[in-house]
Amino acid sequence: MSDSLSSWIVRPCIRHSPRLRLVCLPYAGGGASLFRKWPQFLPEDIELLAVQLPGREKRLFDPPCSDLAVIVHKLRAALQNYLDCPLGFFGYSMGTRIAYELARTLREQDNVQPACMFVAACKGPQIEEPPNPRYLLPDKEFKEALRDLGGTPDEVLENTELMDMYLPALRADFALKESYVHSPCPPFDCPITAYCGDHDKEAPQDESQTWDQETTAAFRLRCFPGGHFFIHDNLSELLSDMKSQLHITLREPSHKAHTQERTQG
């Protein structure tokens, strides 16, 4: 596989003359296929750009990268041909760290202001990561940490051949997330919506709330039932909420407002 710039971006459904492009970044170990069906649930004038990180799916044989600065540099270059309309961002867990730093870099170096941000299963960037990072654990303990987190099926964890293929990318993603150090910067002036799971110990509700410090515009926190991977049991509700917020973004600018919502059931 090659590390060409085109390999970093997947377009599940090409839109002609979109009003906004939504850049989507997956959780640790995830790939662009996570977002394959999303376009059919989002407004038709929004084009989804799914990020394909090295070491997974069609880039399985590309060396994984744990250097956030390198990934942001590559993505910034890959997005240069997509700056003819506003950009929004969606990140899930580890992907949120990349989305946040990518949005900062585009703002600072290209004067591209994000139109909106959706951050899921990730505490605010100013909250430090806990000590004893998991990416340094031996294989056996690292697999147990993955099991505790709940995102990897047991049949995958117990398949030695599969885990030998996926462990390098998983370790790289965990290293990227767990070695993250926040450097303060001015808040964005776009709306931010934060999503969390009501039983997520990795990014609990109070730490998800701290994303309100990263915007001078509207902030919303919505809590879904579930743990760190609440997305799998609440995808239709999450996409419905995103669609509503994207319609608002396209229709009118938002003003600073803080609300908290909890889904029932």
Side-chain angles (χ1 to χ4, degrees), residues 1-27 30-54 56-60 62 71-92 95-96 98-120 188-195 215 217-218 220 222 231 234-254:
M1 302 293 289
S2 67
D3 186 28
S4 66
L5 290 178
S6 62
S7 67
W8 287 81
I9 301 294
V10 175
R11 302 166 75 188
C13 184
I14 296 176
R15 305 291 195 197
H16 298 288
S17 303
R19 295 179 61 196
L20 182 144
R21 290 190 171 99
L22 185 67
V23 182
C24 296
L25 294 109
Y27 45 68
S33 64
L34 177 67
F35 309 107
R36 181 170 55 88
K37 296 181 179 180
W38 283 31
Q40 62 186 296
F41 300 101
L42 298 177
E44 293 185 357
D45 49 3
I46 289 180
E47 182 176 51
L48 188 147
L49 304 180
V51 170
Q52 188 71 286
L53 296 172
R56 68 215 71 203
E57 297 183 354
K58 291 186 177 181
R59 301 189 66 191
L60 181 62
D62 290 346
I71 290 175
V72 168
H73 173 75
K74 291 283 189 179
L75 287 173
R76 177 191 171 228
L79 287 171
Q80 291 303 304
N81 290 331
Y82 299 104
L83 302 182
D84 57 328
C85 71
L87 295 181
F89 295 87
F90 172 90
Y92 200 98
T96 296
I98 303 175
Y100 173 72
E101 291 297 330
L102 177 59
R104 286 179 58 172
T105 298
L106 287 168
R107 180 178 65 175
E108 294 166 4
Q109 299 187 19
D110 299 285
N111 196 30
V112 173
Q113 306 290 335
C116 58
M117 294 187 70
F118 300 94
V119 294
F188 293 108
D189 59 4
C190 70
I192 293 180
T193 296
Y195 300 115
T215 179
R220 299 172 63 249
R222 182 163 182 184
I231 185 175
N234 301 278
L235 181 58
S236 60
E237 293 86 354
L238 184 144
L239 288 174
S240 177
D241 188 85
M242 287 179 61
K243 182 177 182 178
S244 297
Q245 294 307 305
L246 287 166
H247 277 308
I248 294 172
T249 296
L250 292 174
R251 187 171 65 245
E252 59 185 1
S254 298

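Everything numeric in this text was worked out from a predicted model, so none of it was measured. Because only heavy atoms are used, hydrogens play no part in the values below, and waters and symmetry mates are left out as well, while side chains stay in.
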Report summary line: In Tyr27, Tyr195, Trp38, the residue satisfying ring-ring contact (aromatic ring centres under 6.0 Å, His included) with Phe90 is Trp38
Report summary line: Nearest heavy-atom approach of Arg76 to Gln109 is NH1-OE1, 2.9 Å
Query raised in the report: How many angstroms lie between CD1 in Ile98 and CZ in Phe89, if you round to the nearest 0.5 Å?
Result: 12.0 Å
Query - Arg19 side-chain N/O to Ser17 backbone N/O, donor-acceptor pair under 3.5 Å - result: no
Query raised in the report: Is there side-chain contact between Tyr82 and Val23, with heavy atoms separated by less than 4.5 Å?
Result: no
Query - Leu34 versus Pro26, closest heavy-atom pair with distance - result: CD2-CB, 4.0 Å
Query raised in the report: Are His247 and Pro43 close enough that some pair of their side-chain heavy atoms sits under 4.5 Å apart?
Result: yes
Requested in this report: Report yes if some heavy atom in the side chain of Thr105 is under 4.5 Å from a heavy atom in the side chain of Asp110; otherwise report no.
Outcome: no
**Report entry** Close side-chain approach of Cys85 to Arg21, heavy-atom, < 4.5 Å
**Finding:** yes
Query - Exceeds 12 heavy-atom contacts within 6.0 angstrom, atom CD of Glu44 - result: no
Query raised in the report: Going through the distances and angles, do Gln113 and Cys190 end up as a side-chain contact (heavy atoms from CB on, under 4.5 Å)?
Result: CA-CA 8 Å; Gln113 306 290 335; Cys190 70; over 6 Å; no
Query - Leu20 vs Leu87 side-chain heavy atoms within contact, under 4.5 Å - result: no
Report task. Run the numbers on Asn81 and Leu5 for side-chain contact (heavy atoms from CB on, under 4.5 Å), then give the verdict. Result -> CA-CA 11 Å; Asn81 290 331; Leu5 290 178; over 6 Å; no
Report summary line: dist Trp8:CH2 -> Ser6:OG (nearest 0.5 Å) comes out at 12.0 Å
Report task. Hey, could you give me the CG/CG distance between Leu246 and Asp45, rounded to the nearest 0.5 Å? Result -> 9.5 Å
Query - Main-chain N/O of Arg11 paired with Glu47 side-chain donor or acceptor, under 3.5 Å - result: no
**Report entry** From CD (Gln245) to CZ (Arg220), nearest 0.5 Å
**Finding:** 3.5 Å
Query raised in the report: What pair of heavy atoms forms the shortest contact from Ala217 to Pro191, and how long is it?
Result: CB-N, 3.8 Å
Requested in this report: Indicate yes or no: at least one non-hydrogen side-chain atom of Leu49 is less than 4.5 angstrom from one of Leu79.
Outcome: yes
Report task. List the steps and the verdict of side-chain contact (heavy atoms from CB on, under 4.5 Å) for Arg59 and Leu53. Result -> CA-CA 7 Å; Arg59 301 189 66 191; Leu53 296 172; 5.6 Å; no
**Report entry** From CG (Leu42) to SG (Cys13), nearest 0.5 Å
**Finding:** 10.5 Å
Report task. Supply the atom-to-atom distance Leu238 CG to Lys243 NZ, rounded to the nearest 0.5 angstrom. Result -> 14.0 Å
Requested in this report: Kindly say whether Val10 contributes a backbone atom to a donor-acceptor pair with the side chain of Gln52 at under 3.5 angstrom?
Outcome: no
**Report entry** Heavy-atom side-chain contact between Ile46 and Leu48 under 4.5 Å
**Finding:** no
Query - Closest non-hydrogen atom pair between Pro39 and Phe35, with its separation - result: CD-O, 3.5 Å
Query - Residues Phe41, Met242; criterion side-chain contact (heavy atoms from CB on, under 4.5 Å); working and verdict - result: CA-CA 9 Å; Phe41 300 101; Met242 287 179 61; over 6 Å; no
Requested in this report: Output yes when a side-chain donor or acceptor of Glu101 lies under 3.5 Å from a complementary backbone atom of Val72, and no otherwise.
Outcome: no
